[in-house]
Amino acid sequence: METRCGFVALIGAPNAGKSTLVNQLAGAKVSIVSRKVQTTRSLVRGIAIEGSAQIIFVDTPGIFAPKRRLDRAMVTSAWGGAADADAVALLVDARKGVDEEVEAILARLPQVGGVKILVLNKIDTVEPPKLLELAARLNGELAFADTFMISALRGHGVPKFRQQLAALMRPGPWLYPEDQISDAPLRSLAAEITREKIFERLHDELPYQSTVETELWKDMPDGSARIEQTIYVMREGHKKIVIGEGGRTIKAIGTAARKDIMEATEQKVHLFLFVKVRENWGDDPERYREMGLEFPKN
């Protein structure tokens, strides 16, 4: 049987549902999902098998108008991921429709190679006539090779979308083992999971200025893993928020993160969280390397 393999970049405005879709396509959690926009910071690759094809999905950070240095690094990373892919799928939140962010992406998309596909997400929240109108409008602005209507959250339309992408992949050997669902190292996936739990718990109180690093991953003789992570925040006040009264908040974050990390690694996990203040981590090149981002010079 002839094997096929290729890369598909998912691009779109923040909160279009890219991370949820990557997790659906890969069949497991490989990308963090949060109500807070701009949670994906670097390119996360989810890997799906469809028949004889291996599809490597690049979940890019949401594309938006960058204000800070970290924003600029994320947007550069997103367009870089799109440029390297065999196919580019533009994910649009059907509820929001075409806003400034989608317009900006449409304007730049013709400069990117690869087959371009339109994916309307969250279709369960919009009436069919509006969906058809939106699809017609977007195809009028850019000639997409195909249009799909899905609900990434519920999985509606996702199998058909995956089958169509498999047909687009070029003949060639698979790049990853059959049972691998992501190329993110477990250490960074574990850190991303903890960061997701911080967002879930503190989405109104804590700004974006927090990052998580896995400092220690030790496999124990009994088959379990001891994981030590440091949550870096920019101010002493943020540290108090993360720890919470009597340590309750950090304990809840740790419990939720440990559960998901155990599921991802399929082993028992002992998770230890520490919180440190690092005032200017947003201007530290080393932190960008940790996140797989290129440090913007200015």
Side-chain angles (χ1 to χ4, degrees), residues 18-20 22-34 36 39-49 54 56-59 61 174-203 206 208-233 238-239 241-244 246-278 281 284 286-293:
K18 296 182 301 297
S19 297
T20 304
V22 166
N23 291 342
Q24 276 279 8
L25 290 161
K29 187 188 204 73
V30 294
S31 193
I32 86 166
V33 178
S34 166
K36 232 177 174 21
T39 43
T40 301
R41 283 180 175 165
S42 53
L43 302 177
V44 177
R45 289 194 178 92
I47 302 158
I49 306 296
Q54 184 175 67
I56 302 144
F57 293 97
V58 183
D59 173 21
W174 289 2
L175 297 177
Y176 295 93
E178 189 173 349
D179 59 352
Q180 193 170 332
I181 56 162
S182 175
D183 76 345
L186 283 176
R187 289 172 79 105
S188 68
L189 181 59
E192 284 290 279
I193 287 170
T194 302
R195 197 161 67 87
E196 175 184 69
K197 301 310 169 192
I198 295 167
F199 278 139
E200 280 177 4
R201 187 105 190 157
L202 301 168
H203 62 96
L206 195 70
Y208 292 111
Q209 283 85 342
S210 65
T211 188
V212 180
E213 287 174 23
T214 302
E215 312 280 1
L216 175 82
W217 186 302
K218 191 176 181 186
D219 288 312
M220 309 304 282
D222 65 357
S224 67
R226 179 190 171 94
I227 301 170
E228 292 180 11
Q229 293 179 334
T230 302
I231 299 163
Y232 289 103
V233 292
H238 297 165
K239 183 177 177 179
I241 291 169
V242 174
I243 292 170
R248 276 202 290 269
T249 305
I250 196 164
K251 189 178 178 187
I253 290 165
T255 301
R258 189 178 76 243
K259 183 171 170 284
D260 275 18
I261 294 168
M262 280 170 63
E263 210 172 285
T265 60
E266 297 179 339
Q267 68 182 135
K268 191 177 177 185
V269 163
H270 308 282
L271 180 64
F272 300 88
L273 298 179
F274 306 92
V275 189
K276 290 183 183 174
V277 178
R278 188 189 269 149
W281 75 258
D284 180 357
E286 186 57 37
R287 303 282 73 74
Y288 284 73
R289 277 194 290 276
E290 284 278 343
M291 290 187 275
L293 293 171

Could I get the full list of salt bridge (charged side-chain N to carboxylate O under 4.0 Å, His left out) partners for Glu263, not counting sequence neighbours?
none
CD/Gln267 to OG/Ser224 distance, rounded to the nearest 0.5 angstrom?
7.5 Å
Residues pairing under salt bridge (charged side-chain N to carboxylate O under 4.0 Å, His left out) where one sits in residues 250-259, two or more places apart or in two chains, turn out to be none
Thr255: side-chain hydrogen bond (donor to acceptor under 3.5 Å, both in side chains) partners, not counting sequence neighbours:
none
For Ala225 and Asp219, which heavy atoms make the closest approach, and how far apart are they?
CB-OD1, 3.9 Å
List in chain and number order the residues that pass side chain to side chain contact (heavy atoms under 4.5 Å, CB included) with Leu273, two or more places apart in sequence or in another chain; answer none if no residue qualifies.
Thr194, Gln229, Ile231, Ile250, Ile253, Leu271
Is there side-chain contact between Glu196 and Glu200, with at least one heavy-atom pair below 4.5 Å?
yes
Would you say the side chain of Ile47 lies within less than 4.5 Å of the side chain of Gln54, judging by non-hydrogen atoms?
yes
Value rounded to 0.5 Å, distance of CZ in Arg226 from CE in Met220:
7.0 Å
List the residues meeting side chain to side chain contact (heavy atoms under 4.5 Å, CB included) with Glu215, not counting sequence neighbours, and say none if there are none.
Glu213, Thr230, Tyr232
Closer than 4.0 angstrom, basic N to acidic O: yes or no for Lys197 and Asp260?
yes
Student check: side-chain heavy atoms of Thr249 and Ile241 closer than 4.5 Å
no
Scanning both residues in full, the closest heavy-atom pair of Lys239 with Val233 reads N-CG2, 3.7 Å
Heavy-atom side-chain contact between Ile227 and Leu216 under 4.5 Å
no
